[in-house]
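Below, read A as the first sequence line, B as the second, and so on, with proteins coming before strands; counting in each chain starts at 1.
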Amino acid sequence: MKKYLIPLAFCLTIAVNAQKLIHKIPVDASVVVTIKGDNVLDLVSLDEFSKSKIGSLLTKELKKETDEKIENLDEVGFNFSEDFHYFLKSETGVMTHCFLLPMKHEKGFLNIIPERKKENIQKKGNISYIVDGSSGPIVMWNNQLLMIYVSTNTALESEYNSVKYDYGYDSYNLDAVEAVEEAVELSYEEQQEKYKREEEEREQKRLEREKKREEQLAELNAKKSAFKDIALENAFSTFSTTSATHRSILKNPSFVKSIGKGKEEVSVWANNFAKLYFDAIGGYLYGMAGGMNPYDIIDINKLYGEASITAKLDFDEHQATLKTIYALNDEMADIYRPMYDGKFNKNFFKYINEDKLLGYLSLNMSVEGILRAYPELMDNVFKPNDKESITDAVSLGVDLFKTLIDEKGAAEILRGDMVLLLTDLVQREVTYTDYEYDEEYNYKKIEKAKTETLPDFLFMCTSNKQSIFNKIMNIGVREKALVFEDGIYEIIDKPRSTPFSLYIMQKDDIVFIGSSKEQMSAMSNGTYVPKLSGSLKSDIRKNASSAFVNGKKIISQIPAESYPRDLRDKVSFLTNNIGGMTFNSQKMKGNSMKSEIVFDTQGEGHKNSLAYIMNIIDSFMD
Amino acid sequence: MLRKSFNYLILFFCISLCTGCFEILEEITLKQDGSGSVMITFNMSKSKSKIASLMLLDSVNGYKIPSEDDIEETLKDVQLHLEKTQGISNIKKTKDYKNYIFSISCDFKNVDNINAIFKEIIVKQNKKEGTNFSTTNFFYNKTSSTFKRHFKYDEVVKKTFYNLKSEDKKVFNDASYTCIYRFADKVKKVSNKNAKVSPNQTAVMLRTQVLDLILGEKSLENNIELIK
């Protein structure tokens with residue numbers, strides 16, 4: 001039953017009236033996921049989804065599994081015009097997962113429940129519910145809401161399992177050895193008698209142990225049952241909660257701040273990671289000794305305390321966007337901020353031509369900031385601990401690091417701003433060894449040639465120490481690892497596994513490493529023609545990290561015969577439909593780091609980006 | 001992070017764009033007394049760009065990619081195994097990491113010694129995968145002057161192949177297996193219709209696609225009768 005509910009709720013989602021169910025989410029929830037039905041419906045109707053291949057497949061399975069009691073997705077009974085929610089609430093050792101799925105009527109849902117499970121349906125007022133064992137989910141519903149509530153006491157489950165599957169150490173072997181040693185002095189009858197006595201003692205011990213285990217299990221079962229009762233009570237409470245009686249998540253300032261304009265289709269919010277870590281894993285780790293428990297040495301609270309993340313997936317007409325905001329606590333933000341305070345070398349733009357660009361990846365960090373922040377981070381993460389010498393070792397390492405490293409000097413060599421460009425896909429002639437046979441089938445090796453498509457790339461990083469670069473290159477030339485020609489060094493002693501040529505040079509405080517000699521020569525003699533739009537310039541310059549992949553261009557440049565056979569007939573479809581992907585991660589502002597991935601979904605015959613994804617899936621399901 | 005991303009970006013293009021294929025060469029030169037020499041060559045030169053790219057990774061599709069050290073170790077193991085095999089001498093190995101061509105050759109006192117080389121591996125394979133490959137693949141009858149190359153097909157191979165991911169299956173697309181047998185006497189007739197006899201009648205060549213062998217569509221089975 002559950003196997004349909006969750007996928008249905010999260011795959012098909014559609015809905016309006018966001019305010020209703022969200023009031024049921026408690027103020028102290030750690031994670032909240034919302035799928036905004038109305039926003040999704042605006043993009044793709046239930047009818048359109050049902051007609052898609054994935055929708056048809058889902059409908060077909062539903063019909064089959066419900067003996068055709070359900071003919072279409074609408075008959076399942078979900079109210080697709082409301083919001084669907086999931087929340088996670090964590091308390092020490094207790095994790096509660098809850099799905100809130102709005103309903104139009106319960107008839108459709110009752111058709112999904114297998115007949116054998118219907119016997120377990122209980123009633124309380126107008127609420128129906130099924131409790132699936134002592135550790136399974138509680139499923140609760142009426143004509144407006146279906147709720148799946150899974151509450152787990154990790155500490156209790158852990159203890160229960162350790163008792164249930166621990167049959168104790170049987171000292172049989174040890175006793176037997178002692179018995180044999182002593183038996184040397186005993187007659188055969190005496191030995192028999194002694195052995196029998198010991199056997200009885202052992203059996204007695206085993207029975208005692210078993211009895212104790214049974215008692216423990218009974219006690220733990222009672223605890224589990226009591227916990228399930230509490231969980232059931234809490235489930236009723238959540239199910240029945242209305243805005244008037246409950247301190248909902250809408251009273252949580254961090255969550256409220258994350259709501260924004262609410263135009264997205266899916267949102268995810270997670271708060272206070274440290275608490276989540278402790279509550280989720282703590283139950284298993286309490287009492288662990290001998291350095292097994294990482295909380296003994298790592299200060300999770302400092303690292304993740306008050307940290308939150310918000311992610312929003314938004315499907316527009318021509319693009320799908322995933323925006324995330326990661327907020328750190330004040331202390332960590334102060335440590336991280338200098339790492340992202342990088343300066344950007346505008347000279348990079350002199351060597352980028354957008355017309356030839358297939359993709360790039362840029363990084364704009366501060367090596368000086370990183371080297372200053374790293375010891376700070378280590379100092380903060382490893383908390384003082386009398387038992388573990390590792391924290392002393394870390395502290396010593398940090399002091400040595402601070403003493404030995406000249407942050408400013410290191411930043412002169414590598415400042416922290418760099419760009420990797422994929423500039424071309426070129427057909428290169430590659431030789432290979434084949435055999436030529438004479439009439440007697442004696443053969444000789446011959447060299448043949450074939451063309452292969454290989455990428456051309458260019459890597460640029462800022463380095464203000466020309467003298468160090470020159471010294472390294474001079475050593476390379478003397479050691480015959482490099483060849484110098486026309487201001488460009490070629491690496492000749494490169495790993496055999498490098499399938500392309502590699503060239504290095506320095507100009508304008510930039511170290512260049514590239515695979516195309518023509519491109520490097522043009523850059524060296526000043527004939528390279530740059531071209532870059534303002535928006536890409538801005539993305540590269542202003543962000544801590546940025547990436548772009550021109551999917552359409554890449555696909556069109558790859559020869560059709562290079563694709564796997566089963567993909568070849570899709571090449572034209574892909575060329576017409578695959579757009580670009582842009583990723584930008586901003587520098588830290590205040591305590592937050594924002595990032596955004598944008599998929600360009602412009603193509604033929606897609607009314608919006610969600611329909612585009614559905615159409616792409618459909619085309620690959622052929 | 002950048003280095004890793006860089007590696008993966010470049011590798012992605014190399015692995016996706018470069019084609020892959022290989023050739024296995026099995027050569028046996030047989031003297032009248034039943035002794036001779038055998039050489040097995042594994043030529044991956046046509047896929048060298050792809051292999052070079054793959055070798056920058058630790059694993060692909062869940063398969064570990066052997067490093068040069070791993071290959072060296074394997075060749076050493078093969079050599080040790082040959083040294084321990086009765087009747088085997090003059091072991092030579094060649095390795096060309098630029099073109100990815102590896103070969104190993106040795107002399108044998110009689111054809112049974114070749115079977116002994118592969119016996120252990122075949123027995124292990126049969127036990128592990130439930131296959132039923134023959135451990136006697138080469139046979140020479142001095143009296144009747146007949147050389148036989150057995151090849152017992154097992155359906156398990158086809159099943160295993162069909163269970164592979166489509167990406168993994170592609171490895172075998174253009175792979176070939178070539179057998180060359182040279183004799184002191186002239187060849188009277190061969191049983192495998194795909195085998196060719198040299199004009200001077202002292203050599204036989206059989207070239208097949210590995211995929212045909214996997215699917216059981218062709219065989220290496222060959223009964224070669226020599227003129228006494």
Side-chain angles (χ1 to χ4, degrees), chain A residues 358-363 365 416-422 424-428 430-435 437-443 445-457 459 461 494-500 513 515 545 547 549 554 557-559 561-567, chain B residues 1-3 5-19 21 23 25 27 29 41 43-57 65 67-68 96-101 166-167 169-170 173 178-182 196-207:
Chain A
L358 299 175
Y360 75 77
L361 174 67
S362 75
L363 203 59
M365 305 287 283
D417 48 340
M418 49 193 84
V419 187
L420 170 68
L421 308 168
L422 186 66
D424 205 356
L425 289 175
V426 286
Q427 296 279 315
R428 289 225 174 93
V430 180
T431 57
Y432 66 95
T433 305
D434 205 348
Y435 305 107
Y437 299 92
D438 65 16
E439 286 193 331
E440 273 97 54
Y441 302 142
N442 297 309
Y443 62 85
K445 285 180 182 174
I446 51 161
E447 199 169 76
K448 284 189 178 174
K450 61 171 188 167
T451 52
E452 278 185 351
T453 310
L454 290 170
D456 257 343
F457 69 90
F459 174 74
C461 64
K494 61 180 190 290
R496 279 180 289 209
S497 53
T498 312
F500 33 68
I513 303 171
S515 60
S545 177
V549 178
I554 290 171
Q557 288 202 14
I558 299 172
E561 59 273 16
S562 298
Y563 286 94
R565 223 165 282 168
D566 40 353
L567 249 184
Chain B
M1 188 191 85
L2 195 76
R3 186 178 164 266
S5 310
F6 165 81
N7 268 351
Y8 279 106
L9 195 70
I10 301 301
L11 280 169
F12 169 77
F13 285 101
C14 289
I15 293 165
S16 311
L17 302 174
C18 305
T19 51
C21 62
E23 179 173 10
L25 205 58
E27 291 175 85
T29 304
T41 304
N43 179 358
M44 295 178 283
S45 168
K46 216 170 176 179
S47 320
K48 64 181 179 186
S49 301
K50 186 163 189 164
I51 292 164
S53 311
L54 288 171
M55 285 182 78
L56 293 170
L57 296 176
I65 303 295
S67 61
E68 283 192 16
D96 173 0
Y97 285 104
K98 197 179 162 199
N99 291 299
Y100 295 100
I101 302 173
S166 59
E167 275 300 304
K169 282 182 193 159
K170 281 193 294 183
N173 272 358
T178 306
C179 304
I180 298 173
Y181 306 122
R182 297 187 185 87
K196 288 181 197 168
V197 181
S198 65
N200 68 0
Q201 288 181 282
T202 57
V204 175
M205 179 161 82
L206 176 61
R207 195 164 199 181

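Considering only heavy atoms from C-beta on, B/Pro199 comes within 4.5 Å of A/Glu439 through its side chain.
For A/Asp438, no part lies near chain B; criterion is any non-hydrogen pair under 4.5 Å. When heavy atoms are compared at a cutoff of 4.5 Å, A/Ser515 does not approach chain B at all. Using a 4.5 Å cut-off between heavy atoms, B/Thr29 makes no contact with chain A at all. Of the atoms belonging to B/Gln201, not a single heavy atom falls under 4.5 Å from chain A.
The shortest heavy-atom contact between B/Arg182 and A/Glu440 is NE-O, 4.0 Å. The heavy-atom pair separating B/Asn43 from A/Thr433 by the smallest distance is ND2-O, 3.1 Å. Nearest heavy atom pair, residue A/Glu452 against residue B/Lys46, reads OE2-O, 3.9 Å. Closest non-hydrogen pair, A/Lys445 versus B/Ile101, comes out as NZ-CG2, 4.4 Å.
Annotation: the span from A/Tyr435 atom OH to B/Ser45 atom OG amounts to 8.0 Å, rounded to 0.5 Å. In this structure, NZ in B/Lys48 is found 10.5 Å from OH in A/Tyr432, a value given to the nearest 0.5 Å. Expressed to the nearest 0.5 Å, how far OG1 of B/Thr178 lies from OH of A/Tyr443 amounts to 10.0 Å.
Residues meeting the salt bridge (charged side-chain N to carboxylate O under 4.0 Å, His left out) test with B/Lys196, sequence neighbours left out: none. Take A/Asp434 and apply the salt bridge (charged side-chain N to carboxylate O under 4.0 Å, His left out) test, not counting sequence neighbours, and it matches A/Lys448.
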Inset, instruction - Using the side chain to side chain contact (heavy atoms under 4.5 Å, CB included) rule, take B/Thr202 and A/Tyr441 through it: C-alpha gap first, then chi angles, then the decisive distance, then the call. - result: CA-CA 9 Å; B/Thr202 57; A/Tyr441 302 142; over 6 Å; no
